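Let me begin by presenting the structure, written as structure tokens, before commenting on it.
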Amino acid sequence: MIPEKHPRRVSLEVRHKLVDGFKKGLVAQAGLIAQGRGEAFDYLVGEKTSVIARKAEEAAVALMLLAENPVISVNGNAAALCPGEIARLASLVKAKVEVNLFYRSVEREKKIANVLKKAGVKKVYGVASKPKKIAGLQSNRRMIDEALWNSDVVLVPLEDGDRTEALVKMGKKVIAIDLNPMSRTSRKATVTIVDNIVRAMPEMVKHAGKLKKADEKKLRVIVNKFNNKKNLKNAEKLIRKSL
Ligand code: ATP
Ligand code: MG
């Protein structure tokens, strides 16, 4: 039990969720370390959703609502931390959900798919079948399924820099959730959300609820007035100020 007043309580609870996810075979060993890198940056942004992050979250949702074929690409950490929000967001913006793992095994894909289905995702793509190949990528993640191949907008919470770049090169608009505004992922994405996934996903669900009936014009205004470079600079400034 973590004491109620512990200053890092929420952060420690999230950590426990990941350890649990690891024990259940959802999260990879390296996923635990990646979370550590995220925690350090979360400390620096004050462990709360900034105005800067909120802007990116709204723009990301507008982009997904405008998309022809939006996809949410899920890894072990995302599935362990917020399966319910993935399901809700997917349903609100009509996105397909696919499993995509760096340390790939069909067994882990199936476990993640089961967690997502239990949380309310009707169909999970990318389990045991990855017929398409992203050019110029070395890792396992170059193999992708049809859903991702055909997408125009992809939400990749907790993505890797190489793959973000490759997806952008394929002509896709990439939305990344990454607490480090200086990572390659952050710099290569179309919309970068510098926020913890455990806060960003519920925020995006809220925005989606509000915006899902908005007309195309309003959504375009939101997307057009968002400037990712500027937003990232501001996120970096926020961190520097906190030091
Ligand atoms: P890149 O591959 O983009 O250059 P990296 O190699 O530094 O980045 P990785 O180890 O590939 O980073 O992945 C970890 C990334 O995920 C870190 O940038 C970290 O900030 C981010 N991250 C980890 N956990 C979370 C989380 N819960 N919410 C948001 N971001 C997170
Ligand atoms: Mg990386």
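Atoms within each ligand, like the ligands themselves, are counted from 1 in listed order. Since the model is a prediction, treat every value here as computed from it, not as a measurement.
Between R37, R163, Q35, M201, it is R37 that holds the heavy atom closest to atom 10 (O) of ligand 1. Closest heavy-atom approach to atom 13 (O) of ligand 1 among the candidates G38, G31, A34: A34. Residue D160 holds the heavy atom nearest to atom 11 (O) of ligand 1 of all those in V198, I177, D160.
By the 3.5 Å distance cut-off applied to N or O atoms, F41 is not counted among the residues near ligand 1. For ligand 1, the polar-atom distance check against L158 finds no nitrogen or oxygen pair separated by under 3.5 Å. Checking only distances, L179 does come within under 3.5 Å of ligand 1, N or O to N or O. Between R184 and ligand 1, an N or O atom pair is found at a separation short of 3.5 Å. Of the polar atoms of N196, at least one N or O is found under 3.5 Å from an N or O of ligand 1, judged by distance alone. Any N or O atom pair closer than 3.5 Å counts here, and T185 shares at least one such pair with ligand 1.
Taking CD from E159 and OG1 from T164, the interatomic distance works out to 4.5 Å, rounded to the nearest 0.5 Å.
For the residue pair D178 and S183, a side-chain donor N or O sits within less than 3.5 Å of a side-chain acceptor on the partner. Between the side chains of S129 and D145, not a single donor N or O lies within less than 3.5 Å of an accepting N or O. Using modelled atom types, one finds no donor on one side chain facing an acceptor on the other under 3.5 Å when comparing N69 with D152.
Note on M204 and V74: same hydrophobic cluster, where clusters join Ile, Leu, Val, Met, Phe, Trp and Tyr whose side-chain heavy atoms are under 4.5 Å apart, directly or indirectly. Hydrophobic clustering (side-chain heavy atoms under 4.5 Å, transitive across Ile, Leu, Val, Met, Phe, Trp, Tyr) groups I197 together with L18.
Shown in contact with S183 at under 4.0 Å from a heavy atom are these atoms of ligand 1, numbered in order with element: 3 (O), 8 (O). Short contacts between ligand 1 and N180, defined as distances under 4.0 Å to a heavy atom of the residue, involve ligand atoms 18 (O), 20 (O). The D195 neighbourhood of ligand 1 comprises atoms 28 (N), 29 (C), with distances under 4.0 Å to a heavy atom of that residue.
Residue contacts with ligand 1, taken as heavy atom pairs separated by less than 4.0 Å, involve D178 via backbone and side-chain atoms alike.
Relative to the six-membered ring of F22, K24 misses at least one condition, a distance below 6.0 Å or an angle of at most 45° to the axis.
Legend: side-chain hydrogen bond (donor to acceptor under 3.5 Å, both in side chains) pairs involving residues 70-90, not counting sequence neighbours, sorted by first then second residue: S73-E98, S73-R163.
Inter-residue side-chain proximity for T190 and I175 is flagged as unmet; no heavy-atom pair is nearer than 4.5 Å.
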